[in-house]
Amino acid sequence: LQKDVKGLTNEEIRRYSRQLLLPELGVKGQQALKSSTVLIVGAGGLCCPSAIYLAAAGIGQLGIIDYDEVEISNLHRQVLHRESKIGVSKSVSAVAACQELNSSVNYVPYHLPLDSSNALQIIQQYDLVLDATDNVATRYLLNDACILAGKPLVSGSALRFEGQLTVYNYMGGPCYRCLYPKPPPPETVTNCSDGGVLGVVPGIIGCLQALEAIKILTGQGSSYSQKMLLFDALDGSFQTIKLRGRQPQCPVCGDNPSITKLIDYEQFCGAKATDKDKVLELL
Amino acid sequence: LQKDVKGLTNEEIRRYSRQLLLPELGVKGQQALKSSTVLIVGAGGLCCPSAIYLAAAGIGQLGIIDYDEVEISNLHRQVLHRESKIGVSKSVSAVAACQELNSSVNYVPYHLPLDSSNALQIIQQYDLVLDATDNVATRYLLNDACILAGKPLVSGSALRFEGQLTVYNYMGGPCYRCLYPKPPPPETVTNCSDGGVLGVVPGIIGCLQALEAIKILTGQGSSYSQKMLLFDALDGSFQTIKLRGRQPQCPVCGDNPSITKLIDYEQFCGAKATDKDKVLELL
Amino acid sequence: MSIPITLEFSGGAELLFDRQKRHDIDLPKQENPWRIQELLPWIRDNILKERPELFMQGNTVRPGILVLVNDTDWELMGELEYNLQPNDRIIFISTLHGG
Amino acid sequence: MSIPITLEFSGGAELLFDRQKRHDIDLPKQENPWRIQELLPWIRDNILKERPELFMQGNTVRPGILVLVNDTDWELMGELEYNLQPNDRIIFISTLHGG
Ligand SMILES: [Zn+2]
Ligand SMILES: [Zn+2]
């Protein structure tokens with residue numbers, strides 16, 4: 001019954017029929033997705049939409065990393081988690097939700113903090129990485145690890161009513177350090193726990209991260225290498241800006257890199273790699 | 001324990017803390033959401049993201065209408081449904097998923113086709129309507145019903161790699177008939193079953209529908225009255241276009257309307273109000 | 001002097017034009033100004049690839065196609081009477097109904 | 001003659017400017033062309049509302065702020081040396097890290 005037709009089973013043809021119809025995707029694109037592996041770092045507001053749409057589209061393997069557990073203050077934006085999962089590992093919770101939608105994907109939940117000791121070993125097993133983290137130290141870590149491992153990095157971020165999206169280390173484009181050679185002063189960094197965020201803003205950016213991943217993996221190419229999308233939810237505006245190219249003097253992706261293995265990123269940034277939701281004292 | 005603070009319980013303060021922090025929303029905005037009711041028509045690709053983000057944000061009541069049952073070919077884009085829900089009513093399935101995220105919302109699933117006999121009676125009970133349907137006849141029906149009932153209509157659509165978003169009947173802006181006085185010839189209408197759609201495209205448009213609903217309900221106002229957002233996923237571009245205003249000669253929202261009760265929309269459009277997913281014969 | 005303008009087709013309208021979304025064209029010199037009224041049959045006769053009835057009905061676009069002049073609904077610009085200017089961007093959007 | 005330009009602040013940078021995202025300003029006439037190098041201290045002294053150290057470090061913007069000249073990264077436009085033109089749009093974006 002599960003006869004292979006051009007590498008797809010009848011079940012797969014039924015499930016993916018509406019995207020198989022797209023000439024830009026088709027059977028070839030579906031097979032490319034099926035043989036691709038994506039790692040999402042962070043199982044929060046950006047991960048929830050990106051993970052579920054990648055799972056729905058039929059990615060081969062989806063890894064999700066998070067060290068944290070589900071809290072009630074996550075649920076206004078982290079829509080894969082549930083009231084019944086409060087206290088459960090976020091990576092496990094996110095994977096369980098995706099599994100119920102598409103059990104044919106190979107899921108790998110990592111309940112651990114990504115750090116210099118494990119990042120390369122994990123990232124090397126994936127074709128592409130989504131930065132869905134919430135702090136500066138992990139963003140530098142992830143950037144450097146993706147450069148060292150040669151993986152494209154689809155980076156999203158959101159705060160308050162704004163979102164940003166770009167793709168690093170793809171087709172000769174720049175990396176995070178090319179844009180931001182120095183980390184920001186810790187007192188200028190606001191996370192979602194401190195600044196707040198409207199839940200649907202990471203929803204939109206996370207969807208766009210999944211889209212760029214699908215386009216890269218199926219050979220359409222990304223629209224956001226050396227470009228950044230700025231989204232302002234209050235005025236409903238999207239703006240695309242043109243970024244600098246890869247910097248020859250970049251310490252990690254440049255012509256003579258000084259960073260050839262992962263460093264201590266909390267020290268480099270002067271900030272912890274955590275954004276633990278704190279109990280809000282209102283009034 | 002569940003002490004009311006300015007109308008919010010401690011549980012609500014914990015759950016919504018990250019959006020209560022936003023000065024543009026705050027306790028007042030949260031209370032506005034809590035006392036608001038939204039109806040989503042269609043429980044497919046646009047509804048799944050919009051329903052879950054409205055539920056997550058703490059809308060008071062969420063109604064979801066769909067006459068159809070979950071099929072496997074829905075699962076590549078209709079991410080609230082699950083393999084275990086194949087054959088189940090889509091409205092029931094969507095509501096069940098939202099319920100697990102936020103049980104404090106009042107959910108009303110309607111397992112029925114919206115038509116001229118029931119539309120007004122249902123729509124009158126809601127503050128705002130999301131058009132998440134998939135056919136022309138229901139789009140005209142919904143437009144006329146929202147005009148007659150005086151409700152803003154947040155309209156989304158998606159096909160292939162493209163999406164469109166606009167808000168009708170809001171702050172003196174135009175309605176669907178102002179833009180499209182005549183229905184399109186049936187042979188020019190392509191639905192997702194025939195033309196295909198990349199799942200994350202309705203994902204993005206549905207998130208944006210939830211966003212506009214939240215902005216309208218909390219008094220921020222919409223960014224898309226008399227404007228339309230065009231999204232092209234292949235080149236990652238968003239474009240905002242300026243639309244005509246309300247047309248004084250519009251047959252339903254004009255100065256001397258000729259349509260004062262709902263008509264037969266399948267006859268008007270020469271097309272059925274269904275987009276049943278057909279079994280795809282590939283090869 | 002010819003008038004250079006850009007045509008764009010989206011929402012499925014591009015399927016009638018060999019899937020090409022953007023066309024940079026030069027309208028030939030003529031005595032009177034080019035109006036959209038003359039542009040439509042010119043498009044039909046010169047670059048449309050198939051099924052003209054899915055693009056035009058009578059002397060205008062078929063119902064369900066929005067026409068934009070430089071990102072603004074043509075209804076605000078005079079519709080068929082609009083006089084084309086050099087480097088105008090005229091967009092034809094087929095309305096989507098899927099969801 | 002003064003030079004009219006538009007400043008925009010986003011990503012949180014607007015919080016240093018009374019939450020106002022867009023500022024239409026006229027730079028006073030001066031002998032030499034206005035460069036971004038001169039614009040930055042002018043902004044700090046004239047429209048910044050609080051905590052200048054969160055906007056500038058030394059003679060440039062603090063790390064984590066992207067500067068754009070008409071939607072293009074200033075790195076491609078000469079950075080501090082760029083000569084401002086009338087009606088330029090200069091954007092300061094604080095990078096977001098939340099998720
Ligand atoms: Zn670099
Ligand atoms: Zn009208």
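Note on naming: letters A, B, ... go to the chains in the order of the sequence lines (proteins, then strands), and numbering restarts at 1 for each one.
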**Prompt:** Any idea which of A/Ile204, A/Ile52, A/Thr240 has the most non-hydrogen atom pairs under 4.5 angstrom with chain B?
**Reply:** A/Ile204
**Message:** Rounded at 0.5 Å granularity, tell me how far CZ in B/Arg15 sits from CD1 in A/Ile86.
**Reply:** 7.0 Å
**Contact leader toward chain A among B/Ser84, B/Pro49, B/Gly196, B/Pro23, where contacts are heavy-atom pairs under 4.5 Å** = B/Gly196
**Asked** So which part of A/Ser103 gets closer than 4.5 Å to some heavy atom of chain B, the side chain, the backbone, both or neither?
**Response** both
**Asked** Hey, does the side chain of B/Asn102 reach the backbone of B/Ala55 with a donor-acceptor pair shorter than 3.5 angstrom?
**Response** yes
**Request:** Looking only at non-hydrogen atoms, find the nearest pair between A/Arg77 and B/Tyr53 and report the distance.
**Result:** O-CE2, 3.8 Å
**chain B interface, residue from A/Cys207, A/Gly203, A/Gly58 that has the most non-hydrogen pairs under 4.5 Å** = A/Cys207
**Message:** Any side-chain to backbone donor/acceptor pair from A/Tyr170 onto A/Ile216? Under 3.5 Å, distance only.
**Reply:** no
**Among the listed options B/Leu165, B/Leu229, B/Val197, the residue most often paired with chain A at heavy-atom distances under 4.5 Å** = B/Val197
**Prompt:** Picking from B/Val201, B/Asp235, B/Leu54, which has the most non-hydrogen pairs under 4.5 angstrom with chain A?
**Reply:** B/Asp235
**Item:** Heavy-atom proximity to chain A below 4.5 Å, by part of B/Ser222
**Value:** neither
**Item:** Modelled atom types, side-chain donor and acceptor of A/Gln30 and A/Gln19, under 3.5 Å
**Value:** yes
**Asked** Checking A/Leu234 against chain B: side chain, backbone, both or neither under 4.5 Å from a heavy atom?
**Response** both
**Asked** Any sub-3.5 Å donor-acceptor pair from A/Lys34's side-chain atoms to A/Gly7's backbone N or O?
**Response** yes
**Item:** For chain A, the option from B/Ser237, B/Gly199, B/Ala57 that forms the most heavy-atom pairs under 4.5 Å
**Value:** B/Gly199
**Asked** Using non-hydrogen atoms only, which part of A/Glu100 is less than 4.5 Å away from chain B: side chain, backbone, both, or neither?
**Response** both
**Asked** Heavy-atom distance under 4.5 Å to chain A: side chain of B/Glu83, backbone, both or neither?
**Response** both
**Request:** Provide the closest heavy-atom pair for A/Ser17 versus B/Ser73 in the form atom of the first, atom of the second, distance.
**Result:** OG-CB, 3.6 Å
**Request:** Please name the pair of heavy atoms, one in A/Cys48 and one in A/Ala43, separated by the smallest distance, quoted to 0.1 Å.
**Result:** SG-O, 4.4 Å
